[in-house]
Amino acid sequence: MHGTEIELKFSVADERSLREQVGELGFTLLTERTFEENTLYDTPDRRLRGLRQILRLRRYGGRCTVTHKRQSGSDDKRYKSRIETESQVEDYAAMEEIFAQLGYGPVFKYEKFRTEWETAEGHLLLDETPIGVWAELEGPPEWIDSMLERLGVTAEGCTTESYGKLFLGWKERMGSPAENLTFEECGAVVNG
């Protein structure tokens with residue numbers, strides 16, 4: 001898969017209510033609540049970070065994917081817009097070894113339980129993370145705006161920040177020594 005990903009995140013205070021709204025808005029369940037683990041890779045001098053790119057390995061249910069994301073050049077800063085290239089990986093350990101041989105090592109891990117819904121126009125993702133519950137809307141900006149309005153979410157309640165940046169803010173507020181956004185390191189209780 002290769003294309004431009006446009007998204008916005010918002011914090012979810014009432015997960016049950018959001019799940020009820022999703023059904024009323026005509027979304028179709030794509031993936032039931034599933035554990036997801038992600039590892040970002042970079043060089044020791046953090047070259048990819050300096051270029052505002054990411055290289056990620058993800059395990060999600062029984063699937064493994066490798067993803068590269070880079071800036072899209074979009075002028076609209078209200079939405080997070082990146083060019084994403086992604087492919088399924090047959091052997092996770094082999095991909096880790098390939099990265100290591102190319103000089104890329106793991107620099108950040110993050111976990112969540114994800115539920116996915118879709119419509120013809122876009123996706124709604126519900127992420128239960130160690131630092132709270134978040135939703136993401138992915139699709140064309142007009143559709144995102146329409147869904148935000150229908151869900152009762154204000155523009156001020158949205159963010160374009162990555163889970164890495166959200167984690168750093170949480171870590172500072174909480175005074176946490178955690179280095180990764182994992183349930184174990186953040187001391188979060190996992191229901192499921």
Dump the intermediate steps for side-chain contact (heavy atoms from CB on, under 4.5 Å) on V66 and T85, then the final yes or no. CA-CA 8 Å; V66 60; T85 306; over 6 Å; no
Go through the steps for K9 and L166 under the test side-chain contact (heavy atoms from CB on, under 4.5 Å), then give the verdict. CA-CA 11 Å; K9 277 187 189 74; L166 291 170; 4.0 Å; yes
Please determine whether side-chain contact (heavy atoms from CB on, under 4.5 Å) holds for the pair H68 and Q53, giving the CA-CA distance in whole Å, both sets of side-chain angles, and the decisive distance to 0.1 Å. CA-CA 7 Å; H68 175 261; Q53 298 181 20; 2.7 Å; yes
What verdict does the side-chain hydrogen bond (donor to acceptor under 3.5 Å, both in side chains) test give for T119 and E121, after you've listed the backbone C-alpha separation in whole Å, the side-chain angles of each residue and the deciding distance to 0.1 Å? CA-CA 5 Å; T119 67; E121 296 86 18; 3.2 Å; yes
side-chain contact (heavy atoms from CB on, under 4.5 Å) between T129 and Y110: does it pass, once the steps are laid out? CA-CA 8 Å; T129 79; Y110 61 103; over 6 Å; no
Evaluate ring pair (Phe, Tyr, Trp, His ring centres under 6.0 Å) for Y163 paired with F108, printing each intermediate quantity in order. CA-CA 11 Å; Y163 282 119; F108 181 64; 9.7 Å; no
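By the 4.5 Å heavy-atom criterion applied to side chains, L57 and Y92 are counted as neighbours. Side-chain contact between R19 and T115 is present, with at least one heavy-atom pair separated by less than 4.5 Å. Side-chain contact between E128 and R33 is present, with at least one heavy-atom pair separated by less than 4.5 Å. Here the side chains of E7 and R82 are in contact, with some heavy-atom distance below 4.5 Å. Side-chain contact check for T182 versus F167: every heavy-atom pair is 4.5 Å or farther apart. Residues W170 and P130 are not in side-chain contact: their nearest non-hydrogen atoms beyond the backbone lie 4.5 Å or more apart. Proximity of T160 to L8: side-chain heavy atoms (C-beta onward) are separated by under 4.5 Å at one or more points. At a threshold of 4.5 Å between non-hydrogen side-chain atoms, the residues L25 and W117 do not count as touching.
At a threshold of 4.5 Å between side-chain heavy atoms, the hydrophobic network of Ile, Leu, Val, Met, Phe, Trp and Tyr places V22 and W134 in two separate groups. Transitive grouping of hydrophobic side chains (ILVMFWY, heavy atoms separated by less than 4.5 Å) brings L181 and L40 into a common cluster. Clustering ILVMFWY residues whenever any of their side-chain heavy atoms sit less than 4.5 angstrom apart, transitively, puts L29 in the very cluster that holds L18. Both I144 and V12 are part of a single hydrophobic cluster, where members link through side-chain heavy atoms under 4.5 Å apart. Both L148 and I6 belong to a single network of hydrophobic side chains, linked directly or stepwise wherever heavy atoms of I, L, V, M, F, W or Y lie under 4.5 Å apart.
In summary, the side chains of T43 and D45 do present a donor paired with an acceptor at a separation below 3.5 Å, with no hydrogens or angles considered.
Of the inter-residue distances, the one linking M95 atom CE with Y41 atom OH reads 9.0 Å to the nearest 0.5 angstrom. To the nearest 0.5 Å, atoms CZ (R56) and CG (L48) are separated by 13.5 Å. For the atom pair CZ (R70) and CD1 (I54), the distance works out to 12.5 Å, reported to the nearest 0.5 Å. The OG atom of S162 lies 4.5 Å from the NZ atom of K80; values are rounded to the nearest 0.5 Å. In this structure, CD on Q71 lies 9.0 Å from CD1 on I83, to the nearest 0.5 angstrom. The line from CG of L126 to CD of E136 is 10.5 Å long, rounded to the nearest 0.5 Å.
Residues T67 and E84 approach most closely at CG2-CG, 3.7 Å, considering heavy atoms. Across every non-hydrogen atom of S17 and D14, the tightest pair is N-OD1, 3.1 Å.
Just one residue in the list E116, E118, E36 forms a side-chain hydrogen bond (donor to acceptor under 3.5 Å, both in side chains) with T31, and that residue is E116. Screening R58, K109, K112, E111 against N38 for a side-chain hydrogen bond (donor to acceptor under 3.5 Å, both in side chains) leaves a single residue, R58.
Looking only at distances, no side-chain donor or acceptor of D42 sits under 3.5 Å from a matching main-chain atom of V107. Looking at S72, its side chain does come within 3.5 Å of a backbone N or O of S81 through a donor-acceptor pair.
Aromatic ring orientation, F183 versus F113: tilted (interplanar angle from 30° to 60°).
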